[in-house]
Amino acid sequence: STAMKVVVVFLIDGSDRFLNMTINAINSFIEQGIPENITIGLLVPKDFPVAQRVIPLLYNPKVELDVREFVLFSHFTNWNPTQYKLDLIKFAGDYDIVTWLDSDVILYNHELGSFLQRFWDSGRYYAFPRDHVNANPEFIQLWPGNKSRFFVPQACFMAFRATKMNEIFSSWEAIWERWIYPQPFVNIADPL
């Protein structure tokens with residue numbers, strides 16, 4: 001298998017509301033022991049004081065962090081923080097695989113490293129877990145289009161082959177834009 005360079009990114013939205021939860025998620029990752037080919041990435045608002053608000057609370061304050069800033073509402077106006085997942089692309093030039101973990105994801109072992117190695121070796125472009133609605137018969141029955149091939153991704157964990165991110169993310173943002181304007185989901189009937 002080929003060596004790969006991976007970043008696992010967490011979002012710090014700048015509010016006090018989710019900061020401790022995000023630090024807990026990062027610490028669960030640190031606690032398992034970080035493989036040397038994996039870096040922790042942080043997406044933070046401009047001028048967020050990482051050195052004062054994050055590093056002292058980490059289980060290993062000497063862990064290497066790759067910090068990138070995002071601009072509030074740079075993608076969509078008045079849309080939830082999920083849009084900042086699009087800022088993962090800021091890491092694409094420096095890593096082979098760019099990975100997202102939500103702030104409410106807690107890791108109990110480092111199978112993530114072996115999973116990402118299998119993902120890299122597979123040649124696939126992205127990885128998502130299936131959302132719970134993929135097993136909901138009512139949702140599946142009412143889903144428009146091909147019911148045998150539909151897939152609703154759960155974005156709590158995502159991994160992308162960096163060389164394909166420009167293509168994937170431009171399509172993702174365009175589709176998302178259709179979903180949320182003039183207001184979120186007004187153009188898409190809820191299948192349930």
Side-chain angles (χ1 to χ4, degrees), residues 3-120 126-129 153-166 168-169 172-173:
M4 60 176 179
K5 192 174 175 189
V6 177
V7 63
V8 175
V9 180
F10 298 86
L11 173 75
I12 293 180
D13 71 356
S15 73
D16 290 334
R17 181 176 179 194
F18 299 113
L19 183 60
N20 287 336
M21 182 171 63
T22 305
I23 290 171
N24 287 339
I26 296 168
N27 278 332
S28 80
F29 189 75
I30 291 171
E31 194 171 35
Q32 305 311 315
I34 302 171
E36 58 181 59
N37 67 325
I38 297 181
T39 301
I40 293 175
L42 296 180
L43 275 172
V44 300
K46 187 171 175 36
D47 300 324
F48 184 82
V50 172
Q52 293 78 29
R53 307 257 339 256
V54 176
I55 292 175
L57 301 174
L58 297 179
Y59 288 165
N60 177 358
K62 294 183 179 176
V63 70
E64 181 182 342
L65 299 175
D66 185 343
V67 179
R68 311 281 172 111
E69 292 182 344
F70 66 83
V71 177
L72 288 173
F73 302 117
S74 61
H75 302 284
F76 310 114
T77 305
N78 297 323
W79 182 236
N80 73 31
T82 304
Q83 71 175 288
Y84 302 118
K85 292 176 181 177
L86 291 167
D87 287 322
L88 281 173
I89 204 158
K90 293 176 183 243
F91 294 90
D94 298 311
Y95 298 93
D96 299 309
I97 294 176
V98 180
T99 307
W100 171 277
L101 282 178
D102 270 358
S103 295
D104 59 354
V105 171
I106 301 295
L107 294 175
Y108 293 101
N109 59 50
H110 243 303
E111 290 181 15
L112 181 61
S114 61
F115 171 81
L116 291 172
Q117 184 64 55
R118 290 191 312 275
F119 168 66
W120 176 253
Y126 54 84
F128 298 95
Q154 175 50 265
C156 63
F157 164 79
M158 303 182 292
F160 298 94
R161 188 172 291 270
T163 56
K164 293 294 183 177
M165 286 179 76
N166 281 330
I168 293 167
F169 278 49
W172 185 16
E173 188 164 359

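These values consider heavy atoms only, across backbone and side chains, with no hydrogens, waters or symmetry-generated copies. In this chain, numbering begins with 1 at the start of the sequence shown.
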So which atom in [X] and which in [Y] form the shortest heavy-atom distance, rounded to 0.1 Å?
X: Phe10; Y: Thr22; result: CB-CG2, 4.2 Å
X: Val54; Y: Ile12; result: CG2-CD1, 3.4 Å
X: Ser28; Y: Ala25; result: OG-O, 2.8 Å
X: Ala162; Y: Ala92; result: CB-O, 3.4 Å
X: Ile34; Y: Ile40; result: CD1-CD1, 3.5 Å

Calculate, to the nearest 0.5 Å, the distance between atoms [atom1] and [atom2] belonging to [X] and [Y] respectively.
X: Tyr95; Y: Leu88; atom1: OH; atom2: CG; value: 12.0 Å
X: Phe91; Y: Lys5; atom1: CZ; atom2: NZ; value: 12.0 Å
X: Glu36; Y: Glu64; atom1: CD; atom2: CD; value: 11.5 Å
X: Asn27; Y: Ile106; atom1: CG; atom2: CD1; value: 9.0 Å
X: Cys156; Y: Phe128; atom1: SG; atom2: CZ; value: 10.5 Å
X: Ser103; Y: Ile26; atom1: OG; atom2: CD1; value: 7.5 Å

Exercise for the section: Output, in order, the C-alpha distance, side-chain angles, deciding distance and verdict of side chain to side chain contact (heavy atoms under 4.5 Å, CB included) for Val105 and Phe29. Expected result: CA-CA 9 Å; Val105 171; Phe29 189 75; over 6 Å; no
Are the side chain of [X] and the backbone of [Y] linked by a donor-acceptor contact shorter than 3.5 Å?
X: Asp13; Y: Ser15; value: yes
X: Asn37; Y: Gly113; value: no
X: Lys46; Y: Glu69; value: no

Does any non-hydrogen side-chain atom of [Y] lie less than 4.5 Å from one of [X]?
X: Ile38; Y: Leu112; value: no
X: Asp102; Y: Phe18; value: no
X: Gln52; Y: Pro56; value: no
X: Arg68; Y: Asp87; value: no
X: Trp120; Y: Arg161; value: yes
X: Ile55; Y: Leu65; value: yes

Handout entry: Chi angles and distances behind the side chain to side chain contact (heavy atoms under 4.5 Å, CB included) call for Ile89, Asn166
Key = CA-CA 7 Å; Ile89 204 158; Asn166 281 330; 3.0 Å; yes
Problem - Test side chain to side chain contact (heavy atoms under 4.5 Å, CB included) applied to Val6 and Asp96, step by step - result: CA-CA 6 Å; Val6 177; Asp96 299 309; 6.0 Å; no
Problem - Aromatic ring pairing Tyr126/Phe160, orientation class (parallel under 30°, perpendicular over 60°, tilted between) - result: tilted
Practice task
Could you tell me how the ring of Phe119 sits relative to the ring of Phe115: parallel (under 30°), tilted (30 to 60°) or perpendicular (over 60°)?
Solution key: parallel
Problem - Geometric cation-pi criterion, Arg53 with Phe48: 6.0 Å, 45° - result: no
